[in-house]
Amino acid sequence: MNRIFLFFTMIFTAGALHAQTAAVPNMMQTSIDKIKVSSDAGRIIERTFSDVIFRNDSTSSNCWFYHRMSSSNSYRINAFAPSEGVSAINVYVYYKDDNNKWQMSASNSNTGNDVSVRFSPPVTRYYAIVVKGTLRTNINNALFNLIIERE
Amino acid sequence: MYMKSKLFIFIVALGIQGVARAQVSSYDYIKAVCNKITTMDRDMTRRFGDTLVVRRVETGVLSQTTDGLGAYTTRTLYAGKTYLLYVFTDKRVPNLKMNVYAAAGSQWRLMKTVDDNESRNTAADNMYGDYELYALTPDTSLEYKVEIAAPAGNAAAARYGMIIWSKELGTGEASSGSGSGTSGTSGGNAGTTNPTTASGGTYFSTQKKNTCFWDAQQRQYRNCQEEDAATLFVLNANKSIFKHTTDQMTSTYYVQGTEYDNTNKLMKYNVVSDAGNKYMFMVTDDGSYLTIFCEKGNDSYIVKYTVRRRWTE
């Protein structure tokens, strides 16, 4: 089954590479719009993520993102999700201390479904950025976006 | 005059090169990557329908490593699903390879290197470099690392994009309209026959649900909320997968064990969701109720669905 799936997919991908963009999903369009604003402001987009917030997923296992950040730069970390699915979103920046325990370095102070964290790393290292969201009633999961940009 | 012409041409050529460089800005590259993601997802969704679900989308920068350019990401992938990993680069990297690792304690174990050199870097599509695809069906739920690597000799940096879709086992080919009905019937993996479309599935349409929360002090379920719930549960013929469709979404639950409760005349199904959460589904013999129990200590709750109709196909 695996092979058949991959086979069909590969055939299709070859064709899709020549496909023209039609309707752009809201998620990516929102990212592109934000990236345009950031680029115009001189910020460098280092990374973007989209993943899923699940209801009852207390570990947020799919919402941990590891990114190396330099102490010589400051960063803007922006997480957002469609308001029809997510009522609130929170962003946390963690690092592992010498005892291999997670310590929080920063979190967002604003509220809503589009929040940002300004972060100036004290040390150059990999940091874990964790996104947690509150789903609206009757919503079991929702896509969210995360943009990490260098100021 | 001849010298002036040469100088002029030289300056014009320099200018053109400068314009050409300016035309492909950092924003252009990342916008192209985002557009490629959108296009790929749209086309894949068109082909595989609702059986293919985006789980992760990522863009980033391939930066210098000791071996060339590289980047990696990690994500938990769950047993019982097939994941399609798709990575690609912008045109500055015409050849990439994808390494897929599984967590092994505190180490990473290399599972697969994919380097099929499938670049279609044509004039009509000239913002993109190479891409690689890999379909993975985890035996166990683990954290996996996807590494994108490009050999030395490429540009100083480049952008990459990645999509991870998940797909229910054995359903994609069936919905694609091609494959001559071969979905899930070959490949040799035990348990990968097309369970959700096999004959004999049991359907439960629901009309109401009553959600009650555990009151640790009273030691009983209280604070019940009843509401209309027009939903559909489908238990496949093999009794290995529940699909639950609401007006918002479809969720999948994998049956890990069953037990018949002779006292209460109901069948218990221990299930795990595609998010990795465990529940117990209980179906009464007469098919009038389907109850979901979530054990979370003092946060436990039950959701009791009133079944409008039960039937098999």
Determine, stepwise, if the pair B:Y78 / A:N62 fulfils side-chain contact (heavy atoms from CB on, under 4.5 Å). CA-CA 11 Å; B:Y78 297 93; A:N62 299 320; 3.8 Å; yes
Chain A contact via B:F88 - which portion, at a heavy-atom distance below 4.5 Å: neither
To the closest 0.5 Å, what do you measure between SG (B:C34) and NZ (A:K34)? 13.0 Å
Beyond-backbone contact of B:I30 with A:I32, side-chain heavy atoms, under 4.5 angstrom: no
Max heavy-atom pairs within cutoff under 4.5 Å with chain A, candidates B:K31, B:R56, B:R159, B:E143, goes to B:R56
Are there over 12 heavy-atom neighbours, none belonging to B:K145, within less than 6.0 Å of that residue's NZ? yes
I'd like to know which of A:S39, A:S31, A:S38, A:S50 tops the heavy-atom pair count under 4.5 Å against chain B. A:S50
Assess the residue pair B:E58 and A:D51 against the criterion (side-chain contact (heavy atoms from CB on, under 4.5 Å)); give the C-alpha distance rounded to whole Å, side-chain angles, the decisive distance to 0.1 Å, and a yes or no. CA-CA 9 Å; B:E58 182 173 330; A:D51 211 295; over 6 Å; no
Enumerate by number any residue of residues 138-148 of chain A whose heavy atoms lie under 4.5 Å from heavy atoms of chain B; in the absence of such residues, state 'none'. A:N138, A:I139, A:N140, A:N141, A:L143
Can you tell me which portion of B:S26 sits under 4.5 Å from chain A's heavy atoms? Options are side chain, backbone, both or neither. neither
Suppose a student defines contact as a heavy atom less than 4.5 Å from any heavy atom of chain B. Which residues in residues 65-98 of chain A would they list? A:F65, A:Y66
Yes or no on side-chain contact (heavy atoms from CB on, under 4.5 Å) for A:M28 and B:N35, after CA distance, side-chain angles and deciding distance? CA-CA 8 Å; A:M28 294 309 296; B:N35 284 336; over 6 Å; no
Return yes when atom CZ of A:R118 has more than 12 non-hydrogen atoms of other residues, nucleotides or ligands closer than 6.0 Å, and no otherwise. no
For B:R55 and A:V52, work out which heavy atoms get closest and say how close. O-CG2, 3.8 Å
A:R47 vs B:Y160 side-chain heavy atoms within contact, under 4.5 Å: yes
Select, from A:I45, A:I44, A:D40, A:T48, the one with the greatest count of heavy-atom pairs under 4.5 Å involving chain B. A:T48
Contact check, side chains of B:V57 and A:F49, non-hydrogen atoms, under 4.5 Å: no
Tell me, side chain or backbone of B:T73 under 4.5 Å from chain A's heavy atoms, or both, or neither? both
Tell me which of these, B:T246, B:T59, B:V61, B:I164, has more heavy-atom pairs under 4.5 Å with chain A than the rest. B:T59
